[in-house]
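Here is how names work: the chains are called A, B, and so on, in the same order as the sequence lines, proteins then strands, and each is numbered from 1. This one's a predicted model, so the numbers in the text were calculated from it and none came from an experiment.
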Amino acid sequence: MCGRYLFQTPAEELIGEFDLASLPDDLSPQYNVAPSHLVAVVGNKPHGLGRGLVRMRWGFVPRWATDPNAGPRPINAKSETAATNPAFRDSFHTRRCLIPATGFYEWHTTPAGKVPQLFRPTAGTPLAFAGLWDVWNPNGESPLFTCTILTVPANGTTAFCHHRMPAILPRGDYAAWLDAKTPLAEVQALLRTSPDDLLTATALSGTVNSVRNAGPDCLTPAA
DNA sequence: CCAGACGTTGTT
DNA sequence: GTCTGG
DNA sequence: CCAGACGTTGTT
DNA sequence: GTCTGG
């Protein structure tokens, strides 16, 4: 997957699946989410507080990092290796999450240049990306919550842009994904390439190319 | 045993 | 945190 | 992901 | 070209 995704609506349908005590009050639509931006995440909260919606920065920092400003902040993690990769293993076991989105962008490289493409669910319902999160808080100061989106091989609809795509979970898999008690083999099996008919591609104007453009015009189709 | 290192994906 | 090296 | 910036030596 | 910032 690329470094940009659409979080157009709060995905209240998605969130409504869960019994949430409170919701952040700033879940306005985002049309051009970039790394380091705050995104909403549904996950098992730290300290055993159960499920909830948490605002996190997109770009993963493991809890053992000595300096969160040094080193990479990966926005994606390969689903095939996340369970054993040192950077993600611990979160794969105990800190899985869902990242709601109404679609995502990929850039199609053509001889004429790069054309942004919008991938949205054909059915129009919000998507839930499978993600991992962590919290960096070695000094007991303000904790840094971060997350990353897992990727899987592209399907027939997305492959013309990229060979990877986000891991998208069907509604029926949300609970098992978030449940820390789900056996690891079952967790791993949830990360699959989506059917070709899940998403529909639309070529866009270049508005989305700049993160300075963060409004609905990011969705404007190509002329 | 302790000390110390350890972070990504996806491009071309 | 977990793993490696000494 | 894309857009946009990206300058030195030698001095105190 | 490469790196940073958004």
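- Annotation: cation-pi geometry not satisfied between A:R63 and A:W136 (NZ/CZ under 6.0 angstrom from ring centroid, within 45° of ring axis).
- Taking atom CZ on A:R212 and atom P on D:dA3, their separation rounds to 12 Å, with Å as the unit.
- The nearest whole Å value for the distance from the CG atom in A:N85 to the P atom in B:dT9 is 6 Å.
- Closest approach to the A:T151 side chain among B:dT9, D:dC1, B:dT8 is made by B:dT9 (side chain taken as heavy atoms from C-beta onward).
- Closest non-hydrogen pair, A:P116 versus A:G206, comes out as CG-CA, 4.3 Å.
- Nucleic acid contact class of A:F88 (heavy atoms, under 4.0 Å, all strands): sugar-phosphate only.
- Here A:A77 lies in heavy-atom contact (under 4.0 Å) with sugar-phosphate atoms only.
- Phosphate contact (OP1/OP2 of B:dT8, side-chain N/O of A:N76, threshold under 4.0 Å): absent.
- Checked for salt-bridge contact, A:R164 and A:E80 meet the test: a charged N lies under 4.0 Å from a carboxylate O.
- Nucleic acid contact class of A:D67 (heavy atoms, under 4.0 Å, all strands): base.
- Of the side-chain N and O atoms in A:K114, none sit less than 4.0 angstrom from OP1 or OP2 of D:dC1.
- Taking 4.5 Å as the limit, some side-chain heavy atom of A:C147 sits within range of a side-chain heavy atom of A:I99.
- Rounded to whole Å, atom P of D:dC1 lies 23 Å from atom CZ of A:F7.
- Exactly one residue among A:F104, A:F129, A:Y5, A:Y105 makes a ring pair (Phe, Tyr, Trp, His ring centres under 6.0 Å) with A:F119. That residue is A:F104.
- Here C:dG1 presents its P atom at 15 Å from CH2 of A:W136, a figure rounded to the nearest Å.
- Heavy atoms of A:T81 sit under 4.0 angstrom from primed sugar atoms or phosphate atoms, though from no base atom.
- As a whole-Å value, the separation of A:R73 CZ from E:dC3 P is 18 Å.
- The side chain of A:P72 sits closest to B:dT8 out of D:dC2, B:dT8, E:dG6.
- Residue A:S91 has no polar side-chain atom (N or O) positioned under 4.0 Å from OP1 or OP2 of C:dG1.
- Between A:S210 and E:dG6 there is no side-chain polar atom (N or O) within less than 4.0 angstrom of OP1 or OP2.
- Here B:dT9 presents its P atom at 14 Å from CH2 of A:W58, a figure rounded to the nearest Å.
- To the nearest whole angstrom, the two C1' atoms, one in D:dC2 and one in B:dT9, are 16 Å apart.
- To the nearest whole angstrom, the two P atoms, one in D:dG7 and one in E:dT4, are 11 Å apart.
- The CD1-P distance, from A:I75 to B:dG10, rounds to 9 Å in whole Å.
- The C1' atoms of B:dT12 and D:dC1 are separated by 15 Å, rounded to the nearest whole Å.
- A:A34 comes within 4.0 angstrom of a nucleotide base, judged by non-hydrogen atoms across all strands.
- Nucleic acid contact for A:V61: base, since at least one base atom lies under 4.0 Å from a heavy atom of the residue.
- Using a 3.5 Å distance cut-off with no hydrogens or angles, the side chains of A:T207 and A:T220 do not pair a donor with an acceptor.
- Residue A:R63 places none of its side-chain N or O atoms closer than 4.0 Å to OP1 or OP2 of C:dG1.
- D:dC2 atom P lies 17 Å from atom CG of A:L6, rounded to whole Å.
- Residue-level contact check: A:P35 touches the bases, meaning some heavy atom is under 4.0 Å from a base atom.
- Pair assignment for C:dT4: B:dA3, on the basis of Watson-Crick or G-U wobble contacts that are both within less than 3.5 Å.
- A pairwise comparison of heavy atoms in A:S79 and A:V152 identifies OG-CG1, 3.4 Å as the closest pair.
- The aromatic ring of A:W64 does not stack onto the base of C:dT2, failing the criterion of a centre distance under 5.5 Å from the six-membered base ring together with planes under 30° apart.
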